[in-house]
There are 2 protein chains.
Amino acid sequence: MKMTGGVEWGLHCCVVLSSATEPVAAAKLAELHDVSATYLAKQLQLLSRAGLVRSTPGQLGGYLLTRPATEITVLDVVEAIDGPQPAFRCTEVRQRGPMAVPPERCDTPCPIAAVMDTADRAWRESLRVVTIGALAATVTATTPGELLDRARVWLSA
Amino acid sequence: MKMTGGVEWGLHCCVVLSSATEPVAAAKLAELHDVSATYLAKQLQLLSRAGLVRSTPGQLGGYLLTRPATEITVLDVVEAIDGPQPAFRCTEVRQRGPMAVPPERCDTPCPIAAVMDTADRAWRESLRVVTIGALAATVTATTPGELLDRARVWLSA
DNA sequence: GGGCTGGTACTCGGATAAGTTGTGTCCGAGTGCTTCTGG
DNA sequence: CCAGAAGCACTCGGACACAACTTATCCGAGTACCAGCCC
């Protein structure tokens with residue numbers, strides 16, 4: 001099981017955007033993180049479709065968060081980029097083969113799928129209680145102020 | 001994000017094996033679930049390598065659980081087939097690009113990776129508290145007894 | 001000098017190719033049962 | 001009738017193709033700024 005690598009980029013971008021007042025171009029975000037500019041653009045498009053960021057075209061265009069960072073959860077970003085579908089998909093194995101359980105007898109969900117669903121909900125809940133704002137606060141608290149300032153001036157340059 | 005489909009097969013097989021006293025051949029398990037026999041054999045090999053099942057060769061050979069079903073967790077099966085690695089891999093983006101944080105300053109883990117790790121632990125914990133025995137008990141409780149008997153005789157036939 | 005218009009350079013957006021991982025398949029090595037033969 | 005040994009059928013195990021998805025890239029459409037021109 002492996003999550004799309006773009007999730008990490010998207011989260012970092014959202015953290016950066018949380019402290020931005022003017023639109024930031026995708027190319028700038030890519031250079032800042034030293035990743036493929038075109039591929040990161042794709043991830044930003046996904047965030048845009050999900051309504052998490054707003055893109056402004058034109059010469060001074062770029063991306064900006066649509067909501068305060070404290071109202072965007074990590075789960076929002078993960079689901080926007082990686083998709084909302086759970087990792088486990090029940091194929092109703094019990095309804096196949098010579099000993100198949102008839103569908104009308106399957107009123108209760110498959111226990112295996114139920115366990116997986118519970119775990120998936122726990123996972124998502126863990127991601128839902130953390131906001132981009134909280135992440136940004138942690139970054140601010142643990143990173144030397146000098147570095148933060150340098151990054152800020154570099155972004156607006 | 002998508003989990004290997006073989007996980008579902010492996011779990012179903014373990015549930016079936018939990019109520020087996022004699023070795024069950026891989027081909028029989030495949031026919032019972034109506035899945036690719038050769039591919040399911042691959043998953044069973046993974047379970048065998050992980051030490052969850054024991055294979056006995058020869059004419060009356062097959063697979064059997066090595067431990068009581070109540071001592072095998074769902075997580076054991078998932079990690080045996082899908083791998084123990086977490087879905088999210090931190091690539092230390094903060095240490096790249098023009099604003100890279102120097103490694104000696106990275107004494108605290110990346111907050112993003114920390115959140116993902118917490119969620120991953122919650123997910124695994126949910127799978128750890130459920131055993132194959134519990135799953136089998138649920139199946140026994142929710143499936144009509146007649147079907148269970150038919151399946152049992154079909155297996156030993 | 002002010003307003004308007006055309007040009008331009010920049011932006012995002014979707015459609016288009018390689019690499020990697022999951023999916024599915026095949027054949028060979030090994031083991032235990034069965035059967036045949038000899039005593 | 002019993003013991004031994006060869007044959008055989010079945011099993012698992014690892015090595016080999018195919019497909020789907022992630023990753024990465026390119027080019028086109030659209031927009032806002034800027035310069036030049038007309039009033």
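Just so you know, these numbers come straight off a predicted model, no measurement behind them.
Side-chain atoms of A:M116 and B:L127, non-hydrogen and from C-beta on, do get closer than 4.5 Å to each other. Side chains of B:T56 and B:L64 form no contact here, defined as non-hydrogen atoms less than 4.5 Å apart. By the 4.5 Å heavy-atom criterion applied to side chains, A:S48 and A:R54 are not counted as neighbours. Side-chain contact between A:E22 and A:L60 is absent, with no heavy atoms from C-beta onward closer than 4.5 Å.
You'll find that the side chain of B:P57 is closest to C:dT31, out of C:dG13, D:dT22, C:dT31. Of the candidate nucleotides D:dC33, C:dT11, D:dG13, D:dC33 has the atom nearest to the side chain of A:L60. Of all nucleotides listed (D:dT22, C:dT11, C:dG22), C:dG22 comes nearest to the side chain of B:T4.
In this model, the phosphate group of D:dG13 is approached by a side-chain N or O of B:S55 to a distance below 4.0 Å at OP1 or OP2. At the phosphate of C:dT23, OP1 or OP2 sits under 4.0 Å from a side-chain N or O atom of B:K2. Between A:S48 and the phosphate of C:dG13, there is a side-chain N or O to OP1/OP2 separation shorter than 4.0 Å.
One atom, CZ of B:R89, and another, P of D:dT23, lie 10 Å apart when rounded to the nearest Å. The CD-C1' distance, from B:E22 to C:dG32, rounds to 15 Å in whole Å. Between the CG atom of B:L17 and the C1' atom of D:dC12 there is a distance of 15 Å, given to the nearest Å. Going from atom CD of B:E8 over to atom P of C:dT23 covers 11 Å, rounded to whole Å.
Nucleic acid contact class of B:R49 (heavy atoms, under 4.0 Å, all strands): sugar-phosphate only. Residue contacts shown for B:A27 are absent, as no nucleic acid heavy atom lies under 4.0 Å away.
Against DNA chain D, the stretch residues 34-47 of chain B makes heavy-atom approaches under 4.0 Å through B:K42, B:Q45.
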Practice task
Quick one: do A:L52 and A:C14 satisfy side-chain contact (heavy atoms from CB on, under 4.5 Å)? Show the steps, please.
Solution key: CA-CA 9 Å; A:L52 298 178; A:C14 285; 5.7 Å; no
Practice task
Test A:L44 against A:L29 for side-chain contact (heavy atoms from CB on, under 4.5 Å), laying out the working first.
Solution key: CA-CA 10 Å; A:L44 289 171; A:L29 289 169; 4.1 Å; yes
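In this structure, B:K28 satisfies the cation-pi test against B:W154, with its NZ or CZ atom closer than 6.0 Å to the six-membered ring centre and inside 45 degrees of the ring normal.
If you find the closest nucleotide of DNA chain C to A:A26 and to A:M1, the one lying nearer the 5' end belongs to A:A26. Residues A:Q59 and B:W9 each lie close to DNA chain C; by heavy-atom proximity, the contact nearer the 5' end of the strand is made by A:Q59.
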